[in-house]
Undergrad: 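I'd like to ask some things about the structure below.
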Amino acid sequence: MTLTTRPRGTNDIGPGQIELWHKLEEKIRQVTSAYGYQELRTPIFEHTELFQRGIGEATDIVEKEMYTFLDKGKRSLTLRPEGTAPVVRAFVEGKLGAGSLPVKLYYYGPMFRYERPQAGRYRQFTQFGFEVFGSQDPLLDVEAIMLPLELYKSCGLSGFEVQINTIGCPACRPSYRQELVEYFEPQVEKLCASCRDRLHRNPMRLLDCKVESCQEVLSGAPQITRHLCEECSEHFAQVVDYLDALGVDYKLNHRLVRGFDYYTKTVFEVTSSELGAQNAIGAGGRYDGLVEELGGKPTPAVGFAVGVERLLLALQGQDKLKAEAAGPHAYLIHFGGSTKRRAAEVAYFLRSQGLWAELDYLDRSIKAQMKAANKLSSKYAMIFGEEELGRNRVILRNMRDGHEQEMDLQELEQLAKIIGECGQ
Ligand code: HAM
């Protein structure tokens, strides 16, 4: 560790990249408003118990990946590893369900998980997520898939795949768990250490194990279908019906189970062919029991979260969502002394009109200032020569076509208008 190295699994996002983030954030605002979502900002840290209860004690996130610390008042706090439990906490605490339903909320911000960093997997990463509360309607499960698809498409992304499954509810799961344990137990020696460890605690999680040597056993594992209660079965049939009716492409994946205890019924994940091992660009599902689990009135809910870094990686891989380099409206070239003061005054005026005005702060030669204007892709250069200033005029040079004209400094509004009309 040194003073000039950032912590493992974190990123600095600066010029050259941040423009893409801004573009994506703009798209997120567009798509969330089209679907009627409002933003909710929750704290970066929460009481540890929220995640233990919400996500589940026996999950990888809670067991191994949380950044948990005691504050000076000896309270156990945790940097949020995900956004769903905090949004549910805020929904209950703020009585957000008191008005008309459904309530649609979205969030955007950093999440923290102590995972092994690799391409597309970080310890601090950004999620755009959304949650809708107050309805069991299968159409909302489908909309929770369509909203992120709309976002991906509006960024120009192709080559993604939607996978869906149902994992039933607390009524149908016990008999399925039992069947899974009975299936796996005689073959336990063929399973990896982590599968063996989970076999009795959470047998459904074995289904999404990626270890090569487990695949043969896993491929023959029983499916949940015949254990589903009538309600879960009917719900899933309707989800599939709506997806078909709305022309959404998807793949049924009986082994999609997800690493959170809160899910009920439908779960989904979107993967991108552009990415390597960490190819999920978003995932979500229904969680009808979580609001009650966290102390609220029974309230069904469904949601989704997009991994922003992964989405940007996939977009960059396809050369999509490029940010054109924006340049100043005008670069003000001066000769020092009184010409610099006059240039500073004009720069101040142009900026007050919302125009990007740059000038030299390094007392460079005129040639070097012209070069700087070019390098920044400035649309105009304004040359504050002493002779012209004596007549209260300035030379305005269009950097695209080289055309030059003298402008009257009495008429700054007119000048700002010409410069502003060039766009950026
Ligand atoms: P999740 O599958 O854990 O779900 O995360 C959602 C997305 O966040 C993933 O598909 C991935 O794109 C991104 N992501 C997760 N971990 C990392 C990481 N270490 N580095 C980079 N990106 C990552 C949830 O978090 C649920 N709360 C989703 C949800 C919302 N379910 C219902 N509502």
Side-chain angles (χ1 to χ4, degrees), residues 7-11 13 24 32 37 40 42 46 50-51 54-56 59-62 64-67 79-91 103-133 140-141 143-145 147-148 151-152 157 160-165 167 205 208 256-272 274-291 294 300-315:
R8 222 162 104 71
T10 64
N11 292 296
I13 307 154
L24 179 59
T32 46
Y37 281 77
L40 174 70
T42 64
E46 297 273 356
L50 173 69
F51 300 113
I55 299 174
T59 58
D60 277 357
I61 293 185
V62 170
K64 302 181 203 155
E65 297 170 2
M66 296 207 302
Y67 281 91
L79 299 186
R80 61 182 186 193
E82 61 108 45
T84 307
V87 170
V88 171
R89 196 262 314 130
F91 175 84
V103 175
K104 297 175 174 180
L105 299 166
Y106 83 91
Y107 51 94
Y108 177 90
M111 307 290 160
F112 305 84
R113 294 184 196 174
Y114 190 78
E115 290 193 88
R116 202 148 38 80
Q118 64 183 84
R121 186 161 73 189
Y122 312 104
R123 289 181 175 170
Q124 176 175 335
F125 59 98
T126 312
Q127 274 187 354
F128 149 59
F130 59 89
E131 317 291 346
V132 48
F133 296 94
L140 282 177
D141 305 39
E143 285 194 11
I145 298 171
L147 191 160
L151 177 70
Y152 300 144
L157 189 73
F160 51 81
E161 184 179 83
V162 179
Q163 299 185 15
I164 64 163
N165 191 19
I167 57 166
R205 280 312 307 279
D208 72 351
L256 180 67
V257 284
R258 313 268 305 125
F260 301 82
D261 284 357
Y262 53 61
Y263 288 122
T264 52
K265 298 187 174 137
T266 331
V267 289
F268 25 85
E269 189 165 279
V270 184
T271 54
S272 162
E274 205 54 57
L275 303 177
Q278 303 304 318
N279 64 354
I281 50 173
R286 179 165 277 285
Y287 50 95
D288 289 344
L290 185 59
V291 177
L294 296 178
V302 56
F304 191 97
V306 172
V308 173
E309 286 84 356
R310 286 191 199 170
L311 173 56
L312 286 172
L313 279 175
L315 288 166

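Because the structure is a prediction, the values reported are computed rather than measured. Counting starts at 1 for both ligands and their atoms, in listed order.
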Undergrad: Do side-chain atoms of R123 reach the backbone of P117 as a donor and acceptor pair under 3.5 angstrom?
TA: no
Undergrad: Within ligand 1, which atoms have a heavy atom of E82 less than 4.0 Å away?
TA: 25 (O), 26 (C), 27 (N)
Undergrad: Please confirm whether G129 approaches ligand 1 to less than 4.0 Å, judged on its heavy atoms.
TA: no
Undergrad: Identify the closest protein heavy atom to atom 20 (N) of ligand 1: which residue and atom is it, and at what distance?
TA: Y122 N, 3.0 Å
Undergrad: Is K265 paired with D141 through a side-chain N to carboxylate O contact shorter than 4.0 Å?
TA: no
Undergrad: Would you find more than 12 non-hydrogen atoms of other residues, nucleotides or ligands less than 6.0 Å from Y114 atom OH?
TA: no
Undergrad: Suppose we measure from atom 4 (O) of ligand 1 to each protein heavy atom; which comes out shortest, and what is that distance?
TA: R258 NH2, 2.9 Å
Undergrad: Quick one: look up the protein heavy atom nearest atom 13 (C) of ligand 1 and list residue, atom name and how far away it is.
TA: G307 CA, 3.6 Å
Undergrad: So is there a nitrogen or oxygen of T84 less than 3.5 Å from a nitrogen or oxygen in ligand 1?
TA: yes
Undergrad: Parallel, tilted or perpendicular: which describes the rings of Y106 and F128, with under 30° parallel and over 60° perpendicular?
TA: perpendicular
Undergrad: Show which atoms of ligand 1 fall inside a sub-4.0 Å distance from at least one heavy-atom site of R121.
TA: 19 (N), 20 (N)
Undergrad: At a 4.0 Å threshold, what atoms of ligand 1 neighbour a non-hydrogen atom of G120?
TA: 20 (N), 21 (C), 22 (N)
Undergrad: Could an N or O of ligand 1 be found under 3.5 Å from any N or O of A280, whether backbone or side chain?
TA: yes
Undergrad: Is any side-chain heavy atom of V257 closer than 4.5 Å to one of V267?
TA: no
Undergrad: Go through ligand 1 atom by atom and flag the ones less than 4.0 Å from a non-hydrogen atom of F304.
TA: 30 (C), 32 (C), 33 (N)
Undergrad: What atoms of ligand 1 come within less than 4.0 Å of a heavy atom belonging to Y263?
TA: 26 (C), 28 (C), 29 (C), 31 (N), 32 (C)
Undergrad: In the protein, what heavy atom is nearest to atom 14 (N) of ligand 1, and what distance, to one decimal place, separates them?
TA: F125 CE1, 3.5 Å
Undergrad: With no hydrogens and no angle check, is any side-chain donor or acceptor of R310 less than 3.5 Å from a backbone partner on I281?
TA: no
Undergrad: Side chain to side chain contact (heavy atoms under 4.5 Å, CB included) for L294 and F91? Distances and angles first, verdict last.
TA: CA-CA 10 Å; L294 296 178; F91 175 84; over 6 Å; no
Undergrad: Check whether any side-chain N or O of R80 sits under 3.5 Å from a backbone N or O of P110 as a donor-acceptor pair, and report yes or no.
TA: yes
Undergrad: If you have a sec, work out which protein heavy atom is nearest atom 5 (O) of ligand 1 and how many Å separate them, to one decimal?
TA: Q127 NE2, 3.1 Å
Undergrad: Pair T84, E82 - check side chain to side chain donor-acceptor pair (under 3.5 Å), show working.
TA: CA-CA 6 Å; T84 307; E82 61 108 45; 3.3 Å; yes
Undergrad: Relative to the ring of F160, is the ring of Y152 parallel (under 30°), tilted (30 to 60°) or perpendicular (over 60°)?
TA: tilted
Undergrad: So, regarding Y107 and ligand 1 (criterion: nitrogen or oxygen to nitrogen or oxygen, under 3.5 Å), is there a contact or not?
TA: no
Undergrad: Quick check on contacts: which atoms of ligand 1 are under 4.0 angstrom from a heavy atom of G282?
TA: 10 (O), 12 (O)
Undergrad: Hey, is L311 touching ligand 1 through its side chain, its backbone, both or neither, going by heavy atoms under 4.0 Å?
TA: neither
Undergrad: Taking only heavy atoms of E115 into account, list the atoms of ligand 1 that are under 4.0 Å away from them.
TA: 16 (N), 18 (C), 19 (N)
Undergrad: Who's the nearest protein heavy-atom neighbour of atom 24 (C) of ligand 1, and how far?
TA: F260 CZ, 3.4 Å
Undergrad: Backbone or side chain, does any N or O of R113 fall under 3.5 Å from an N or O of ligand 1?
TA: yes
Undergrad: Does ligand 1 have any atom that is closer than 4.0 Å to a heavy atom of R310?
TA: yes
Undergrad: Is the shortest distance from a heavy atom of E269 to ligand 1 less than 4.0 Å?
TA: no
Undergrad: May I ask you to decide if R116's main-chain N or O and R121's side chain share a donor-acceptor pair within less than 3.5 Å?
TA: yes
Undergrad: Which ligand 1 atoms, with their elements, are less than 4.0 angstrom from a heavy-atom of E131?
TA: 30 (C), 32 (C), 33 (N)
Undergrad: Are the side chains of R286 and L140 in touch, meaning some heavy atoms are under 4.5 Å apart?
TA: yes
Undergrad: Hey, can you tell me if F304 and F130 have their rings parallel, tilted or perpendicular (30° and 60° cut-offs)?
TA: parallel
Undergrad: So, D261 side chain and G54 main chain: donor-acceptor pair closer than 3.5 Å or not?
TA: no
Undergrad: How far is atom 26 (C) of ligand 1 from its nearest protein heavy atom, and which residue and atom is that?
TA: Y262 OH, 3.4 Å
